[in-house]
Participant: 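Supplied in C-alpha cells, the structure appears directly below.
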Amino acid sequence: MKTSKYLLIETSILPDVYKKVVEVNNYLKSGSASSVSQAVKMAGISRSAYYKYKDKIFEYSEGESNTATISAKLLDNAGVLSSVMNEVYLAGANVLSIHQTSPVNDVADVSITVSLTRAAITTDELIEKIKRISGVTDADLV
C-alpha cells in the first residue's frame, strides 16, 4: 500500500501555478467565485492546471487546529445561551458548532466547538468567564 508523503515548503520558492491553485480554492471557498471557470480566470491559470493539482495542494495555516469544545450545563432560563455566546464573541473566538439537548430537570447540556485562532484570551480564561454567567451551572473543556 502506497503511503502519502508531505513536505512543508515556503511559498516563495514554489512555481506560481501552485500558489494560484490555492488562490482558486480560496475564491471558491469564500464565495468570491461561483464556479471553477470564474475562479481560474480570476487567478490567471487554466482549468487544466487547476484540475491537475487541486487534490494535491493545500494551504497550511498554523491556527487551523486551534479549536476547543466547551461542554456546559445551562439552566433553562431565557438568555443564558445568548450570554454564553456573547462571552465567546467578546473573547474573539469563532463558533464552529453548537449542540444543545432538551432540558432535563431544568438543565440543558450544551456543547460548543470554537476556533481560537483569533481569540484574545486563553481557553482557561474563557471557561472561567463562562462559569461566572448567571444560569451556567458548570462549564469545562472536552
Participant: Without swapping roles, check the side chain of Glu125 against the backbone of Ile121 for a donor-acceptor pair under 3.5 Å.
Facilitator: no
Participant: Within the structure provided, determine whether Val110 and Val84 are in side-chain contact (heavy-atom separation under 4.5 Å).
Facilitator: no
Participant: Got Tyr51 and Val36 here, is their nearest side-chain heavy-atom distance under 4.5 Å?
Facilitator: yes
Participant: Is any side-chain heavy atom of Met85 closer than 4.5 Å to a side-chain heavy atom of Val95?
Facilitator: yes
Participant: Under 3.5 Å, side chain of Lys73 to main-chain N/O of Thr137, donor-acceptor pair present?
Facilitator: no
Participant: Less than 3.5 Å apart, any donor N or O on the side chain of Thr113 or Thr69 sitting next to an acceptor on the other?
Facilitator: yes
Participant: For the pair Ser111 (side chain) and His99 (backbone), establish whether a donor and an acceptor sit closer than 3.5 Å, ignoring hydrogens and angles.
Facilitator: no
Participant: Please determine whether the number of non-hydrogen atoms from other residues, nucleotides or ligands lying under 6.0 Å from atom CZ of Phe58 exceeds 12.
Facilitator: yes
Participant: If every non-hydrogen atom of Val114 is compared with every non-hydrogen atom of Ala93, which pair is closest and at what distance?
Facilitator: CB-CB, 4.2 Å
Participant: Scan side-chain atoms only and decide if Ser32 and Ser30 contain a donor-acceptor pair under the 3.5 Å cut-off.
Facilitator: yes
Participant: How about Asn26 and Glu59: does a side-chain donor come under 3.5 Å of a side-chain acceptor?
Facilitator: yes
Participant: Would you find more than 12 non-hydrogen atoms of other residues, nucleotides or ligands less than 6.0 Å from Lys52 atom NZ?
Facilitator: no
